[in-house]
Amino acid sequence: AQSVTQLGSHVSVSEGALVLLRCNYSSSVPPYLFWYVQYPNQGLQLLLKYTTGATLVKGINGFEAEFKKSETSFHLTKPSAHMSDAAEYFCAVSPFNNAGNMLTFGGGTRLMVKP
Amino acid sequence: GAGVSQSPRYKVAKRGQDVALRCDPISGHVSLFWYQQALGQGPEFLTYFQNEAQLDKSGLPSDRFFAERPEGSVSTLKIQRTQQEDSAVYLCASSLKGGSRTVSGANVLTFGAGSRLTVL
């Protein structure tokens, strides 16, 4: 069984400031980890994913995330927030041996960017 | 089409009515998933198809929920005798491959924009 916890349902940053969205997971087997972004009235769009190999993963729109096995974390960061980053962000986990790619999502974090 | 298409985008139903939500996955995608996203929450798994076979329906909340994919492409999620707690966005996603993971890693899911169901 696996679960995902996103700390902070709402995060507010100023434009140009660092973005940090937290994600912790639990999984009984090695996981694959994902971050998705959801803009209003749109579907989920993949930002980045960790499968194997390098633990620092770079994604689209300047986002990156680091897999830390010892901390069971996969926090999402961006050095400088842009107004267009305002959206809902979801962390998700899929077991390594899952035959079907089923994702378990966290509750989401709404990112607000102030001018 | 280029993406996953869902219809209708918005559906208002009176309590007790039956509804049907359609998903057109990306052409050639083997796997198809349905998720339910309640207001302010993350998506929750409902059911999974590999081609026409429904391999996992453990997330369907009750026997009022039924999904099918008879020809291995388009899928329909049907909800009978809708209740207010069924109000949510229903997301469909598809991926190219099914079965065990490839050595190269996870198969990425592409999501549709969702069907927002409101039950009055």
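Below, all heavy atoms of this structure are taken into account, side chains as well, without hydrogens, waters or symmetry copies. Model, not experiment: these values are computed from the prediction.
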Grouping I, L, V, M, F, W and Y whenever their side-chain heavy atoms are under 4.5 Å apart, do [X] and [Y] come out in a common cluster?
X     : Y     : value
B:L91 : B:F65 : no
A:L21 : A:F67 : yes
B:L32 : B:Y35 : no
A:I60 : A:L48 : yes
A:V4  : A:L76 : yes

If I measure from the heavy atoms of chain B, does A:Q45 come under 4.5 Å with its side chain, its backbone, both, or neither?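 It is neither, since no heavy atom gets under 4.5 Å.
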Contacting region of A:L44 [heavy-atom separation from chain B under 4.5 Å]: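 Both backbone and side chain of A:L44 come within 4.5 Å of chain B.
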Distance-minimising heavy-atom pair for A:N41 and B:A113: O-CB, 4.4 Å
B:Q37 and A:F90 have their tightest heavy-atom pair at NE2-CZ, 3.2 Å
Would you give the length of the straight line joining atom NZ of A:K49 to atom CG of B:L109, rounded to the nearest 0.5 angstrom?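 So the gap between those two atoms works out to 11.0 Å.
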[atom1]/[X]: more than 12 non-hydrogen atoms of other groups inside 6.0 Å:
X     : atom1 : value
B:E85 : CD    : yes
B:R15 : CZ    : no
B:Q54 : CD    : yes
A:L56 : CG    : yes

Of all the residues in residues 106-115 of chain A, which have a heavy atom that comes within less than 4.5 Å of a heavy atom in chain B? A:G106, A:G107
B:Y10 portion near chain A, given a 4.5 angstrom heavy-atom threshold: side chain
Just give me the residue among A:C91, A:G53, A:A92, A:G43 that pairs up with chain B most often, heavy atom to heavy atom, under 4.5 Å.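 Heavy-atom pairs under 4.5 Å are most numerous for A:G43.
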Do A:Y36 and B:F111 touch side chain to side chain, with heavy atoms closer than 4.5 Å? yes
So which pairs with a foot in residues 71-85 of chain A pass salt bridge (charged side-chain N to carboxylate O under 4.0 Å, His left out), sequence neighbours left out?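 Output for this query lists A:K78-A:D85.
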